Peer 1: 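Before we start, here is the structure in question, set down as structure tokens.
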Amino acid sequence: MNKFFTYYNSLCVGANTPTVFSFDPFVTAIKELLVAELQQVVYYIEKLKDLNLDMTAYTDKVIEFISVLIVNLDFKKESFFVIIEDLYNNKKMLEKMYISAAQKANIEPDLLSESDENYSSREIILKALNEREKNIQDKAAKIKFSKSKRNLYEIIINLVLNSCNCLIELKSFGVNLENAKNQVLKLLNTPNFPTLTDGELIEIIKDFAQCNYKIMKLLYENIIEEFGPVQEINVPLIKKQGKAILVSGSSFKDLEKILISVKGLNINVYTHHEMISAFQYEKLSSYQNLVGHYQKSNNNFPLDFASFPGPIYISGNAIPKIDVIRGQIYTSAKYPAYGIAKIENDDFSDLIKYALDAKGFEKDKLINEIKIGYIEAEIEKKVNDIIKKASNGEIKNIAIIGLIDQFNKSNDYINDFLKNAPNDVFIISFSYNYDRKNIWHVNSYFDFAIVYKIIELLIEKDKNITEKLNIFITDCNTSTISHIFNFIHLGLNSIFLGPCCPNIINPVLIEALTDLFNIKPLTNALNDIEIETKKEED
């Protein structure tokens, strides 16, 4: 495996090239403008719901708008104008509806204060963006909220984005959670009430974690019901002679649509990045056109895409930030990033045509194999063994480490942790294996469902086990903050978080998690092991 994934940068977990991550104030300005407009739209939706109007259709539209923020914000300028104009028009329409409904109810409408900029023209939109960009760059600019409140609002946005992503994917399974959607909108509406204290916001965030956890868990259950059962399987890292399509992202529904579209054609389909976990589901792995996994590095998407001799498809709500576009890339996202072609109505004919016209791989080459998945019966057996050893004092602490993927074995922190942890610390490793009796290695590969399954089983068999549980998150993705609050919801209070790339989680936000929610920063393995084991002594 090492000769295939060779670009790890230990200074930035999750980025495997010597990359300098830049902060783009213009992109930040776009995000802030979109969020501000969405929050105003939500404000009027909530006001109309309070007057007993059915706002289901508008709620769905907001969820769809929020999904725009999940993906790359490097829009074509024309797309950005359309988004903002659509949002603004919806806000003004909802405002009028609210005024009319309030008059009928014989109450005084509580309107948001109007700004001078009403986004009624593209010139005004650009002016607003430029002003926001200037304020972001100007350290002396007036700050409307305190640092802690701004960070809490940022955490809220992260939780909202993750929940909406899951809700949209659940919709593809025919599941509509109206109550959950309403809770998402209420959370997004909180910044419209600036008098809320930091303490109140913290409690609102913790309360929402229960909803967020239920949404994510239901999505996992639907994936297994649709594509399962889960199996243990060896996935080939392979180049196979013939035409090729690469599928990246996280939507197994999208992958299956492509596999159905190429059925009977001489086109090989490869997974990329987190899509590798598709192989652990029996239904997906049975498609003959799905031949293996292709990935040259961990998280360096431009390198992978540039070297692939065919088209690339990225599922709709999982578009990463791609600084360099090389090759033909497709997506079903409503607003594709610049340089990416859009697929409409599940019509993959252009993608297939490009694959047939492209070079493809000239010869077969098996590079390695990766074992992923698990055997259900073995999971419960192992958990029972852990509980027994914890009860008789053989295990004093339990460390769960890794959690994202296992593509890299050059992480010094994990190596030191697995090597030096005391024998009475039992390690559940979602990273990679190490030959010790107190280590249980689980082949998760981006599958957080198994992480939660193990934690839930441990708590189900011993409610006090949470006092012994320690989570070490050594890698980050866009769902990491949601996972942290899911762990808090499950009762875990010893959570360590490693350094995250700035394009994934802002370093300031990590400080907020540390200060406001007692999330511990990873330092070095020996020091963190000492902190963990000292907890038992205290």
Side-chain angles (χ1 to χ4, degrees), residues 5 7-24 27-28 31 69-73 147-148 150-162 165 205 209 212 216 250 273-274 297-301 318-323 399-408 410-417 430-431 444-446 448 451 470-488 492 494-525 527-528:
F5 303 103
Y7 298 90
Y8 186 77
N9 174 5
S10 61
L11 296 177
C12 188
V13 179
N16 296 67
T17 53
T19 304
V20 176
F21 288 94
S22 60
F23 170 74
D24 187 341
V27 171
T28 303
K31 181 177 178 180
L69 296 174
I70 300 168
V71 302
N72 190 356
L73 292 176
K147 180 181 176 182
S148 61
R150 284 176 64 88
N151 287 332
L152 287 167
Y153 288 158
E154 189 69 22
I155 288 171
I156 284 172
I157 295 301
N158 272 271
L159 292 173
V160 166
L161 292 181
N162 180 78
N165 195 22
I205 288 170
N212 187 54
M216 295 177 75
S250 59
H273 202 55
E274 58 189 295
S297 66
N298 185 26
N299 282 350
N300 189 334
F301 287 22
I319 297 180
K321 180 173 175 57
I322 304 170
D323 294 318
I400 298 177
I401 189 167
L403 306 185
I404 298 296
D405 67 77
Q406 309 166 33
F407 283 150
N408 210 302
S410 58
N411 189 312
D412 293 337
Y413 183 95
I414 297 177
N415 278 323
D416 289 344
F417 196 102
F430 292 93
S431 296
S444 61
Y445 281 93
F446 301 100
F448 246 91
V451 178
N470 304 269
I471 305 290
F472 294 82
I473 304 175
T474 57
D475 199 358
C476 301
N477 67 8
T478 54
S479 298
T480 294
I481 288 179
S482 278
H483 290 309
I484 286 172
F485 284 98
N486 286 344
F487 293 142
I488 292 173
L492 279 61
S494 182
I495 303 169
F496 293 77
L497 177 63
C500 301
C501 292
N503 64 325
I504 302 295
I505 299 178
N506 191 317
V508 176
L509 202 54
I510 294 180
E511 288 181 23
L513 290 169
T514 302
D515 296 340
L516 299 172
F517 296 96
N518 198 32
I519 305 303
K520 304 172 183 68
L522 291 185
T523 55
N524 64 72
N527 180 66
D528 294 342

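When a residue number appears, it is its place in the shown sequence, counting from 1. Given the structure is predicted, the values throughout are model-derived calculations rather than measurements.
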Peer 1: I'd like to know whether N158 forms a side chain to side chain contact (heavy atoms under 4.5 Å, CB included) with S479, so could you lay out the CA-CA distance, the side-chain angles of the two residues, the decisive distance to 0.1 Å, and finally the verdict.
Peer 2: CA-CA 8 Å; N158 272 271; S479 298; over 6 Å; no
Peer 1: So, F485 versus F517, ring centres under 6.0 angstrom or not?
Peer 2: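 That pair passes the under 6.0 Å test.
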Peer 1: Any chance you could measure T523, atom OG1, to D528, atom CG, to the nearest 0.5 Å?
Peer 2: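 Going from OG1 on T523 over to CG on D528, the span is 3.5 Å.
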Peer 1: With rounding to the nearest 0.5 angstrom, report the CD1 to CD1 distance, I473 to I471.
Peer 2: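 The CD1 atom of I471 is 7.0 Å from CD1 of I473, to the nearest 0.5 Å.
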Peer 1: Report yes if the side chains of I510 and C500 come closer than 4.5 Å at any heavy-atom pair, otherwise no.
Peer 2: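 When only atoms from C-beta onward are counted, C500 and I510 do touch, with a gap below 4.5 Å.
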Peer 1: Nearest 0.5 Å, what's the CG-NZ distance between N470 and K520?
Peer 2: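 Answer for the CG-NZ pair, N470 versus K520, is 7.5 Å.
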Peer 1: State, to 0.1 Å, how close P521 and F496 come at their nearest heavy-atom pair, and which atoms those are.
Peer 2: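 In this case the closest contact between P521 and F496 is O-CD2, 4.3 Å.
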Peer 1: Would a 4.5 Å heavy-atom cut-off, applied to side chains only, mark I484 and L497 as touching?
Peer 2: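 I484 reaches L497 side chain to side chain.
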Peer 1: Backbone N or O of K147 within a donor-acceptor pair of the N151 side chain at under 3.5 Å?
Peer 2: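 Such a contact is found between N151 side chain and K147 backbone.
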Peer 1: State, yes or no, whether a side-chain contact exists between F446 and H273 at a heavy-atom distance under 4.5 Å.
Peer 2: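 Heavy-atom side-chain distance check passes, below 4.5 Å.
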Peer 1: Checking side chain to side chain contact (heavy atoms under 4.5 Å, CB included) for the pair V451/F430: CA distance, chi angles, key distance, verdict?
Peer 2: CA-CA 8 Å; V451 178; F430 292 93; 3.8 Å; yes
Peer 1: So Y413 and F472, would you call those rings parallel, tilted or perpendicular, with 30° and 60° as cut-offs?
Peer 2: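 Tilted.
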Peer 1: With side chain to side chain contact (heavy atoms under 4.5 Å, CB included) as the test, would you mind laying out the steps for N162 and H483 before giving the verdict?
Peer 2: CA-CA 10 Å; N162 180 78; H483 290 309; over 6 Å; no
Peer 1: Please say which of I481, T514, L152 ends up in a side-chain contact (heavy atoms from CB on, under 4.5 Å) with L509.
Peer 2: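 With L509 as partner, side-chain contact (heavy atoms from CB on, under 4.5 Å) holds for just one option, I481.
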Peer 1: Which value, rounded to the nearest 0.5 Å, describes the distance between I156 atom CD1 and L161 atom CG?
Peer 2: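 Those atoms lie 12.0 Å apart.
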Peer 1: Measure the acute angle between the ring planes of F448 and F487, then classify it against the limits of 30° and 60° as parallel, tilted or perpendicular.
Peer 2: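 Correct class here is tilted.
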Peer 1: Look up atom CD1 in I495 and atom CD1 in I519, then write down how far apart they are to the nearest 0.5 Å.
Peer 2: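 Answer rounded to 0.5 Å: 4.0 Å.
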Peer 1: Do you know which two heavy atoms are closest between G498 and C476, and how far apart they sit?
Peer 2: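 The answer is O-SG, 4.2 Å.
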Peer 1: Quick check for you: to the nearest 0.5 Å, what is the distance between S431 atom OG and I401 atom CD1?
Peer 2: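 Here the rounded value is 5.5 Å.
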